[in-house]
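Below: one structure, written as structure tokens.
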Amino acid sequence: MSYIELKNVSKVVKDFKIIDNVSLSLEKGKIYGFLGSNGSGKTMLFRTIAGLIRPTSGEVLINNKVLGKEIDFPESCGITIENTEFWNDQAGFDNLKNIASIKNIIDDKTITKSMERMGLNPQDKRKFRKYSLGMKQKLALVQAFMESQDLIILDEPTNSLDEESKVKVRSILKEERNRGATILIASHISEDIEQLVDKKFKVDLGRVYEV
């Protein structure tokens with residue numbers, strides 16, 4: 001049974017097809033990898049699945065509910081696409097606490113454990129603007145899984161990370177899959193895809209091909 005289904009989805013911007021008639025059926029509890037060069041359409045595809053943009057034609061269904069009609073966004077989704085924005089004048093823990101207050105389903109202990117799991121120190125009082133690129137990326141990843149989201153969408157998840165942190169991220173994603181999360185990863189790094197995914201796709205000129 002499909003958890004995510006795209007039916008003939010296209011997105012046209014200024015007469016250019018960024019997503020070109022894509023149909024996909026993705027099951028729950030698996031990791032799916034999307035390989036493609038910059039400008040191939042990976043990010044726009046993920047934005048569409050996350051409900052951040054609406055397709056020009058076709059439908060996106062999440063758990064049998066149509067995005068833009070029955071629901072505005074996937075009901076339990078963690079996402080990091082491009083540069084995830086945080087409050088520059090607040091520490092990492094405080095940033096995550098602000099985000100957690102939206103749904104109010106996790107406590108400070110869960111936030112602390114989630115940061116430690118990713119190798120961040122919850123007691124670090126440095127403001128986000130003082131974070132290294134690697135620390136910023138780790139914080140973005142933490143907010144994508146700290147609430148045990150059903151759907152996790154990650155665009156280039158290992159960007160700016162050292163090799164040790166990449167290994168940690170891959171381990172965490174496998175753990176998230178094992179608890180039942182559906183994970184979508186877009187990357188131009190074949191290692192991320194080859195070591196993690198249950199099924200992989202190639203994105204090229206807005207079209208998606210299973211490989």
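For the pair N64 and Y3, the minimum side-chain heavy-atom distance is 4.5 Å or more.
One hydrophobic cluster, built from ILVMFWY side chains closer than 4.5 Å, cannot hold both L196 and V211; they sit in different ones.
Residue D89 comes nearest to K127 through the heavy atom pair O-CD, 3.1 Å, listed as atom of the first residue, atom of the second, then distance. Residue F34 comes nearest to K42 through the heavy atom pair O-CD, 3.5 Å, listed as atom of the first residue, atom of the second, then distance. Nearest heavy atoms, D20 versus R207: OD2-NE, 2.9 Å. Annotation for L154 and F46: closest pair O-CE2, 3.5 Å, computed over non-hydrogen atoms. Taking both residues in full, the closest heavy atoms of I49 and L67 are given as O-CD1, 3.2 Å, listed atom of the first, atom of the second, then distance. Across all non-hydrogen atoms, the minimal contact from K166 to L161 is CE-O, 3.2 Å.
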Going through the distances and angles, do R117 and E176 end up as a salt bridge (Lys or Arg N to Asp or Glu O under 4.0 Å)? CA-CA 12 Å; R117 185 184 184 198; E176 292 299 303; 2.8 Å; yes
Evaluation steps, salt bridge (Lys or Arg N to Asp or Glu O under 4.0 Å), between D72 and K65: CA-CA 10 Å; D72 289 325; K65 295 180 180 179; over 6 Å; no
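Atom NZ of K28 has more than 12 heavy atoms from other residues, nucleotides or ligands within 6.0 Å. Enclosure of atom NZ in K136 by more than 12 non-hydrogen atoms of other residues, nucleotides or ligands within 6.0 angstrom is indicated. Counting non-hydrogen atoms of other residues, nucleotides and ligands closer than 6.0 Å to CG of L52 gives a total above 12.
Aromatic ring centres of F86 and Y131 lie farther apart than the 6.0 Å criterion allows.
S101 and N98 are not linked by any side-chain donor-acceptor pair at a separation below 3.5 angstrom, with hydrogens and angles left out of the test. Side chain to side chain, K138 and S165 meet the donor-acceptor criterion of an N or O pair below 3.5 Å.
For the side chain to side chain donor-acceptor pair (under 3.5 Å) criterion with D155, the lone passing option out of T80, T43, T84 is T43.
A salt bridge links E59 and K69; the closest N-O separation between the charged side-chain nitrogens and carboxylate oxygens is under 4.0 Å. Looking at R126 and D124, a side-chain N of the basic residue comes within less than 4.0 Å of a carboxylate O on the acidic one, giving a salt bridge.
With T182 contributing its side chain and G29 its backbone, the two residues share a donor-acceptor pair below 3.5 Å. Side chain of Q137 to main chain of L133: no donor-acceptor pair is present (N/O by atom type, distance under 3.5 Å, no hydrogens or angles).
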